[in-house]
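Worksheet for the structure shown next.
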Amino acid sequence: MPDKRRNYYLSAHTEINPRIMNETIQFNLNGESVRVTTDSDRLLLWVLRTDLGLTGTKYGCGEGICGACTVLINDEAVRSCITSLKEVENKKVVTIEGLAHNDKPNVLQQAFMDHDALQCGYCTPGMIMNATALLKHNPHPTREQIIAGMNDNLCRCGAHKRIMEAVETAAKETGGQ
Amino acid sequence: MKKEHIFDLDFTDIMDPKFDRRDFIRAAGGGIFIFMLLGHLPLEAQQESTARPQLPTDFNAFLRIGEDGRVSLFTGKIEMGQGVITSLAQMLADELDVELTTIDMVMGDTDLCPWDMGTFGSMSTRFFGPPLREAGAEGRHVLIQLAAEYLNVPAGELITVDGVVYNNHNKNQKVTYAQLAKGKAIGRHATGKVPVKTPDQFKVMGKSYNHQDAFVKVTGKAHYAGDIRLPGMLYAAVLRPPSHAANRTSLDLSEARKVNGAVVIHDNDLVAVLHELPDVAEETLTKIKATYDIPESDLNEKTIFDHLLRVAPAGEQIAKNGSQTVGTRLSATVVEKTYLDGYVAHAPIEPHTAVAHVEGDKATVWPSSQTPFRAKDEVAEALGLKAKNVRIISPFVGGGFGGKSRNLQVVEAARLSKLSGKPVMVAWTRGDEFFKDSFRPAAVVKIRSGIDKTGHLMLWNYDVYFAGQRGATHFYSIPNSLTVSRYPRWGEKSPHPFAVGAWRAPGNNTNTFARESHIDIMAAAAGIDPVEFRLQNLTDPKMTGVLKAAAKKFGWTPAKGPSGRGYGVALGIDAGTYVASMAEVEVDTKTGKIRVKRVLAAQDMGLAVNPEGSAIQMEGCITMGLGYALAEELHFKGGAVQDLNFDSYDIPRFSWLPEIETVIIDAKNDPPQGGGEPAIVTMGAVIANAVFDAVGARVLQMPLTPERVLEAMKEKG
Ligand code: FES
Ligand code: FES
């Protein structure tokens, strides 16, 4: 029985072995091509936060339950805590750091600011990335569709009401684009 | 401003008679300094500061008007989502007559900010607000004096607008705050003699501002403890026993030691793997083999209540009036009930985290902590360092709710840094968080109360086991009343199988659930509408005020319960703030599942410095409160916690969201009261009362799970 308190960051079959820490994986990160040399079974969350220094993507549960680690992979919202590096090979990854241009928040980020759709802000990057994917696929969602689409992103501070409002506003303004 | 090494001193130095405060001011970059002292602290805080006689007793926060005209407020408080970074700045901006954007908040850095007890208990605005405003007013007064000299105009003819002093009769004669601060090293204490603004003069207070920290938080730039990166830093994975009661009988580190780059640490109770990659540290930890002896225990979430009643200490009387015998005699109907509440987790989305860097006899720590100064002492003690050589720098905190006050992870990081000689990050996994964090204590409340034939409360007997005193006393007008609290005294053995601690409005959630459920039972027994019943038993005008405001906005029409509408009401007081909540629910009588359709909270919190910020806190309280009311309850077997992630411990989600409305009573002439906690205390009772109104079944135990609702429906028959 594995200890449930631990997060098994590596897929179960993988042994840490220094010999395989030198696989090179290439992918597009926030519009730029990057190459990372490491064990390709490592999880994307830790590669982003540690190897690539992009700390906007957060750890909340490590088991794909909370959504704090959500990033876009080829425009799909994906939980980076249960996605291995090799799964993103040659794909397009966008993190929270990739949304603003020249320090100008995008429409959704601005809507989060205008609606005060955050308190501690820790769930916020995951919320915004998840909502980005939601609006990409469905630019004019109904309230029910937003609830269903956001339901697996957890927030402990209780910012839900304003997150809903922010997503609705962003959808209205641009259809999310 | 650059935060690094502005003043290389500990605030204890200030008490040294040889220490010249002007040196401090010069070291801090010059300008005009106003020192302030938080007065009239609650008892716990007073005790904490008298226990530290070496600290300056004449101030615990200060502001600086710098030579660049920017205003910095230095305070040991921290920002964890409650919005004080904005509301404190608002108060200061208004009193000083500067734009809000001119203010820099320097928070929770123990080298830059004077001692502060911590950020909890909704105290930041309540107790900090008045002295902060006085300090702002004092600063403005100093600036006017300087300007009078500078412009050669009598002070009485000067006015201040947006950081500039003008001659009221000739607007061309003016001088900026920056010019006035130039080359100065002035230190003043807020005397409280300079009058603060009256509400009709407010320009910034009482208005809504978006959170000042929103931009960094929506762009991923905000740094939490886990986002700190130091050269050579190692990430720790710490070995946890399977139960809080476990004793380790064997430990085999050999396999872990073989992993390339892993540093395995074994120091008494502390066993950890350090690695430059956090995931590799975690993986390596699984290679450690340990066996444990776990004593048998039959304690679990079901048996805990009998256990608590069995081991309860003698009660402490905390309020009494009239006579219980007389009250019983005057009562036509007496009802006695027992209310139960299980353990609840804080479960912030950011788990406890800390980065520590110990170098020689100095340590610097970046923790997620609500109590940076306590963390400083704890690190000093654990490492045998002088407290003045320990610096705590507070990054943003990703939710605390009372849980991030104990700093266990801070001490772990500090010890591991010392042992390894490297900077170390300890970031608890979600499982660590569910195991090592403290919980809201399980508790029992027994209430016996009586009404006369007209539905007036004659008797109240309240006995609370282990929830604590906050919210235990009632605010109804009852001629014969006794309130008793049973809580382990300092040093007495804890009855709980793991650590318990303050949880957003500690004690009050449990107490308000019990009291307001019971009041509702009495209303039903009297055959009176629950709002009417409350009004006829209340004399406190603030309470009747919020209740009427809630009823009006909610559209409450009188009906005796159960009316079938699914309407509930509950009242509470927390942190000086009065709350009336109303809810509408729907109960699926087949499954017992509750759907909360609407929740309204009306609140009298005195001056609401940032009304929108207060509304956000109320919404947060309502949403978070749904969790403990409907679902949250920790499962355990003795000291072994069974819920270790959000798969089995469900917290509120978007789909739970009712329609939420908030009402803030206009009370700008009253001092500000707490806002981060009050609206959560009523959530258990307002839903339980609405469930009763819907289906006539009374659930006496939180959370109101579908099973308990079905059970209560069966009982009622
Ligand atoms: S950290 Fe990935 S879903 Fe929670
Ligand atoms: S804002 Fe704190 S967890 Fe969502």
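Order of the sequence lines fixes the chain letters, A, B, ..., with proteins taken first and strands second; residue numbering starts at 1 for each chain. When reading the values below, keep in mind they use all heavy atoms of this one structure, side chains included, and skip hydrogens, waters and symmetry mates. Computed from a predicted model, the values in this text were never measured in an experiment.
Taken to the nearest 0.5 Å, the CG atom of L154(A) stands 8.0 Å off from the CG atom of D650(B). Here L644(B) contributes atom CG and C61(A) contributes atom SG; the two are 13.0 Å apart, rounded to the nearest 0.5 Å. Taking CD1 of I651(B) as the start and SG of C66(A) as the end, the distance is 8.5 Å to the nearest 0.5 Å. Rounding to the nearest 0.5 Å gives a distance of 10.5 Å between NZ of K221(B) and OG1 of T55(A). Note that CZ of R653(B) and SG of C155(A) are 12.5 Å apart. Values are rounded to the nearest 0.5 Å. M150(A) contributes atom CE, which lies 12.0 Å from atom CG of L657(B) (distance to the nearest 0.5 angstrom).
By the salt bridge (Lys or Arg N to Asp or Glu O under 4.0 Å) test, E632(B) is found to be paired with R156(A), residues two or more places apart in sequence or in another chain being considered.
With a 4.5 Å cut-off on non-hydrogen atoms, A347(B) touches chain A through its backbone and its side chain both. Proximity to chain B (any heavy atom under 4.5 Å) is shown, for I147(A), by both the backbone and the side chain. Neither the backbone nor the side chain of E659(B) comes within less than 4.5 Å of any heavy atom of chain A. If you measure heavy-atom distances from F646(B) to chain A, the contacts under 4.5 Å come from both the backbone and the side chain.
In summary, R162(A) and E619(B) engage in a salt bridge, as defined by a charged side-chain N under 4.0 Å from a carboxylate O. Using a cut-off of 4.0 Å between Lys/Arg side-chain N and Asp/Glu carboxylate O, D279(B) and R49(A) are scored as not salt-bridged.
Side-chain contact check for V218(B) versus L118(A): some heavy-atom pair is nearer than 4.5 Å. Side chains of I616(B) and Q119(A) form a contact here, defined as non-hydrogen atoms less than 4.5 Å apart.
Side-chain N or O atoms of K217(B) include one that pairs as donor or acceptor with a backbone N or O of C120(A) at under 3.5 Å.
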